Asks: 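Have a look at the structure that comes next, please.
Worth saying up front: this structure is predicted, and the values here are computed from it rather than measured.
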Amino acid sequence: MRVITATAVALALAGGGTSATATATAHRPTVDGFWRMDGYGTVLAIRNGTFQEFQTTAVSCVEGDSARRTGPGTYTTPDGTVITVRTQGHRDHASMRADGSVGDRKLRRIVELPEACTRPAPDGPLAAFEVFWQSFEQNYPFFSAKGIDWHAVREQYRPTVDAKTTDDELFDVFSEIVRPLSDAHVAVRYGDNVFAQVRPGTTVPTGELDTKVKKFIMDRDLKDARNLQEFANGRITYADLPGGQGYLRISGFGGYAGEETSYAAQLAELDMALDTALGKDRPRRLKGLIIDLRINGGGSDVLGIHIAERLTDNAYVAYAKRARNDPADPTRHTRPQPAYVLPAHGPHYTGPIAVLTGGSTFSAGETFTQALMERPGRTVRIGQPTQGVFSDVMVRKLPNGMSAFLPNEEFLTSSGRTFDGTGIPPHLTEPVFTKEEFDRKKDSAFDRAVSVLRNHGGGGG
């Protein structure tokens with residue numbers, strides 16, 4: 001069960017695999033058997049030490065990821081993703097969790113696999129089209145918000161596909177179908193070919209862009225900084241600014257431990273960075289903290305929550321997460337699961353914060369920004385709206401070997417608002433890494449943050 005939370009959809013479509021934190025205890029009923037997931041169009045078969053996913057629609061059942069049991073209630077996929085399945089007070093109710101994703105997924109026991117899952121799946125271009133269209137029809141939450149008539153899309157494109165349509169032609173058809181969604185968590189993959197479309201006027205946070213921006217910031221914004229340090233495989237930078245503020249740059253919520261992909265390794269690197277950056281008496285001395293997320297490719301939502309826990313003395317709800325839950329009714333969802341921010345025991349900072357965001361703030365970078373919206377205390381957002389993609393990404397395998405990637409979740413504020421599509425807006429609007437800013441060696445958002453914290457800052461910790 002791969003859970004993709006990063007902008008890897010738009011970059012390389014790599015998943016954020018993680019490790020399990022909870023294990024089934026001996027007194028719990030067995031999880032062996034067949035399960036239907038609440039939402040997500042998924043059925044699970046767990047038996048004889050194996051875990052097999054089936055991706056279902058109204059017209060199909062396609063085998064998804066598989067895994068082997070590696071501990072009580074834990075299963076590991078070939079790519080290293082570790083998931084946990086455990087019963088919840090009743091043998092017919094269970095939950096599944098992946099540590100890279102906030103919350104769990106509810107399971108209900110079923111007697112047997114759906115009939116469609118027990119026979120060979122149809123193949124060929126027509127079958128691939130049907131599974132592709134139905135996967136979005138039954139799971140994608142944002143057609144109405146984006147003004148897309150998905151049934152009209154079918155009427156337009158279905159006649160262009162027949163038994164003789166080649167895979168290259170079908171890839172082009174699927175790409176044209178999803179192009180108007182302008183959703184960076186939507187993609188089509190065929191071999192090495194990937195189509196993905198970001199929100200118009202924004203830029204994918206590639207490694208090349210991150211390197212360019214980091215050098216610009218080092219040369220301009222941090223040229224007089226003290227205690228400049230890099231952590232987590234270069235993805236986190238901290239410095240003390242001349243005016244007494246701290247500067248924390250985060251370019252992603254993963255990739256912290258080099259080749260080691262386990263969640264425990266990522267968390268250990270993050271804690272080392274935060275212990276150093278927020279250690280000793282620094283939080284008490286700081287006149288404010290700038291958190292720079294302007295080039296951030298996302299990653300693990302849980303790591304974002306973990307950082308937020310270093311920035312408060314009071315517990316609060318970061319957001320609530322829900323998924324589409326009725327294939328025929330896009331207004332019905334799973335019960336919202338709150339994600340809690342609980343004050344950390346280690347070094348932490350509770351004073352004023354300026355968060356820098358832009359169109360290249362993606363996915364977990366956005367859920368972290370959303371978590372800071374509810375933070376007690378002074379937090380101001382400066383720059384441009386974020387990209388507008390929050391959900392984990394469903395990977396749907398198609399009968400012809402292609403894959404479709406799509407979101408099916410919403411992240412809700414305390415008032416029930418979502419920011420999918422539009423992104424989270426700043427309080428104070430400033431240009432972010434435009435050609436003019438680069439040419440004139442300006443960083444208006446950074447300078448505004450320093451000014452705001454200088455005029456309204458104060459210590460905390």
Asks: Are the side chain of Gln384 and the backbone N or O of Val432 linked by a donor-acceptor pair below 3.5 Å?
Replies: no
Asks: As a quick check of understanding, evaluate side-chain contact (heavy atoms from CB on, under 4.5 Å) for Val341 and Tyr319, giving each step before the final call.
Replies: CA-CA 9 Å; Val341 176; Tyr319 42 74; over 6 Å; no
Asks: Determine, stepwise, if the pair Tyr340 / Tyr316 fulfils ring-ring contact (aromatic ring centres under 6.0 Å, His included).
Replies: CA-CA 6 Å; Tyr340 295 97; Tyr316 66 94; 9.7 Å; no
Asks: Would you say the side chain of Val153 lies within less than 4.5 Å of the side chain of Ile148, judging by non-hydrogen atoms?
Replies: yes
Asks: Between Arg294 and Asp292 (salt bridge meaning N to carboxylate O under 4.0 Å), is one present in this structure?
Replies: yes
Asks: Return yes if some donor-acceptor pair links the side-chain N/O of Asn400 with the main-chain N/O of Met402 below 3.5 Å, else return no.
Replies: yes
Asks: What closest approach, in Å, do Ala121 and Cys61 show between heavy atoms, and which atom pair accounts for it?
Replies: CB-O, 3.9 Å
Asks: Looking at Val59, is its backbone amide N or carbonyl O close enough to the side chain of Thr57 to form a donor-acceptor pair, meaning the two atoms are under 3.5 Å apart?
Replies: yes
Asks: Distance-only, no hydrogens or angles: does the Gln55 side chain make a donor-acceptor pair with backbone N or O of Lys397 under 3.5 Å?
Replies: yes
Asks: I'd like to know if the side chain of Glu137 pairs up with that of His151 as donor and acceptor (distance under 3.5 Å, no hydrogens or angles considered).
Replies: yes
Asks: Tell me whether Arg105 forms a cation-pi arrangement with Tyr40, defined as NZ or CZ under 6.0 Å from the six-membered ring centre and within 45 degrees of its axis.
Replies: yes
Asks: Go through it in stages, so that I can follow the logic: the residues are Phe195 and Arg179, the test is side-chain contact (heavy atoms from CB on, under 4.5 Å), and I'd like the CA-CA distance, side-chain angles, deciding distance and then a yes or no.
Replies: CA-CA 9 Å; Phe195 175 85; Arg179 186 186 303 274; 3.6 Å; yes
Asks: Applying side-chain contact (heavy atoms from CB on, under 4.5 Å) to Gln197 and Val178, what does each step give before you reach the verdict?
Replies: CA-CA 8 Å; Gln197 181 82 13; Val178 301; over 6 Å; no
Asks: Work out which heavy atom in Arg396 is nearest to a heavy atom in Gly41; give both atom names and the distance.
Replies: NH1-O, 3.2 Å
Asks: Is the backbone N or O of Ile424 less than 3.5 Å from a side-chain atom of Thr386, with the two atoms forming a donor-acceptor pair by type?
Replies: yes
Asks: Answer whether the closest heavy-atom distance between the side chains of Val186 and Pro407 falls below 4.5 Å.
Replies: yes
Asks: Taking atom OG1 of Thr77 and atom CG of Asp65, what is their separation to the nearest 0.5 Å?
Replies: 6.0 Å
Asks: We want to know whether Asn296 and Ser251 form a side-chain donor-acceptor pair, criterion being a heavy-atom distance below 3.5 angstrom.
Replies: no
Asks: Determine yes or no for a side-chain-to-main-chain donor-acceptor pair under 3.5 angstrom, with Arg109 supplying the side chain and Asp32 the backbone.
Replies: yes
Asks: Determine the minimum heavy-atom distance between Ile236 and Ala273, stating which atoms define it.
Replies: CD1-CB, 4.3 Å
Asks: Less than 4.5 Å apart, any side-chain heavy atom of Tyr247 and any of Ile217?
Replies: yes
Asks: Mind listing the closest non-hydrogen atom pair of Ala318 and Ile305 along with its distance?
Replies: CB-CD1, 3.7 Å
Asks: Given Phe132, which of Phe171, Phe174, Tyr140 fulfils the ring pair (Phe, Tyr, Trp, His ring centres under 6.0 Å) condition?
Replies: Phe174
Asks: We want to know whether His185 and Ser363 form a side-chain donor-acceptor pair, criterion being a heavy-atom distance below 3.5 angstrom.
Replies: yes
Asks: Between Asn139 (side chain only) and Ser135 (backbone N and O only), is there a donor and an acceptor less than 3.5 Å apart?
Replies: yes
Asks: With rounding to the nearest 0.5 Å, note down the distance linking CZ in Phe433 to NZ in Lys212.
Replies: 10.0 Å
Asks: Decide yes or no on side chain to side chain donor-acceptor pair (under 3.5 Å) for Thr50 and Asn48, but give the supporting numbers first.
Replies: CA-CA 6 Å; Thr50 64; Asn48 302 321; over 6 Å; no
Asks: When you check the gap from the basic side-chain N to the acidic O, do Lys214 and Glu230 get nearer than 4.0 Å?
Replies: yes
Asks: Does atom CZ of Arg332 have more than 12 heavy-atom neighbours from other groups under 6.0 Å away?
Replies: no
Asks: Within a reach of under 6.0 Å around CZ of Arg335, are more than 12 heavy atoms found that belong to other residues, nucleotides or ligands?
Replies: no
Asks: Do Arg375 and Thr379 have a side chain donor and acceptor closer than 3.5 Å?
Replies: yes
Asks: Does a side chain donor of either Ser391 or Glu409 reach within less than 3.5 Å of an acceptor in the other side chain?
Replies: yes
Asks: Going by an N to O cut-off under 4.0 Å, is there a salt bridge joining Asp210 and Arg249?
Replies: yes
Asks: Do Thr70 and Thr76 have a side chain donor and acceptor closer than 3.5 Å?
Replies: yes
Asks: Would you name the heavy atoms of Thr160 and Tyr157 that are closest together and state the gap between them?
Replies: OG1-O, 2.5 Å
Asks: Measure up the Trp150 and Trp133 rings against each other and bin them: parallel (under 30°), tilted (30 to 60°), perpendicular (over 60°).
Replies: parallel
Asks: Please check if any side-chain donor atom of Asp271 sits under 3.5 Å from a side-chain acceptor atom of His306, or the reverse.
Replies: yes
Asks: Aromatic contact between Phe231 and Tyr238, with the criterion being ring centroids under 6.0 Å apart: yes or no?
Replies: no
Asks: Judged by atom type as modelled, is there a donor-acceptor pair below 3.5 Å linking the side chain of Gln266 to the main-chain atoms of Gly255?
Replies: yes
Asks: Closer than 3.5 angstrom, by distance alone: can the side chain of Thr165 be matched with the main-chain N or O of Val161 as a donor-acceptor pair?
Replies: no
Asks: Would you check if Tyr263 and Leu303 make a side-chain contact, meaning some heavy-atom pair closer than 4.5 Å?
Replies: yes
Asks: Any chance you could lay out the salt bridge (charged side-chain N to carboxylate O under 4.0 Å, His left out) test for Arg154 and Glu130, step after step, and finish with the verdict?
Replies: CA-CA 9 Å; Arg154 175 184 172 82; Glu130 294 298 336; 3.0 Å; yes
Asks: Check the surroundings of atom CG in Asp439: do more than 12 heavy atoms from other residues, nucleotides or ligands lie under 6.0 Å from it?
Replies: yes
Asks: Could you verify whether a donor N or O on one side chain and an acceptor N or O on the other, from Thr202 and Gln387, lie under 3.5 Å apart?
Replies: yes
Asks: Once you round to the nearest 0.5 Å, how far does CH2 of Trp35 lie from CG of Leu44?
Replies: 9.5 Å
Asks: Can you measure from CD1 (Ile250) to CD1 (Ile291) and round to the nearest 0.5 angstrom?
Replies: 6.0 Å
Asks: Is any side-chain heavy atom of Phe368 less than 4.5 Å from a side-chain heavy atom of Leu293?
Replies: yes
Asks: Just checking, any donor-acceptor pair under 3.5 angstrom between side chains of Asp38 and Asn325?
Replies: yes
Asks: Going through the checks in order, is the side-chain contact (heavy atoms from CB on, under 4.5 Å) test met by Ser360 and Leu209?
Replies: CA-CA 10 Å; Ser360 296; Leu209 178 60; 4.1 Å; yes
Asks: Of the non-hydrogen atoms in Phe411 and Gln370, which two are nearest, and what is the gap between them?
Replies: O-NE2, 3.3 Å
Asks: Using 4.0 Å as the upper bound for N to carboxylate O, is an ion pair formed by Asp104 and Arg86?
Replies: no
Asks: Let me confirm one number: the OG-CZ distance from Ser175 to Arg189, rounded to the nearest 0.5 Å.
Replies: 13.5 Å
Asks: Measuring from atom CE of Met394 to atom OG of Ser403, what distance do you get when rounded to the nearest 0.5 angstrom?
Replies: 12.5 Å
Asks: So, Lys321 side chain and Val102 main chain: donor-acceptor pair closer than 3.5 Å or not?
Replies: yes
Asks: Between Asp168 and Thr166, does any side-chain donor sit less than 3.5 Å from a side-chain acceptor?
Replies: no
Asks: Are Glu410 and Arg324 close enough for a salt bridge, meaning some N to O gap below 4.0 Å?
Replies: no
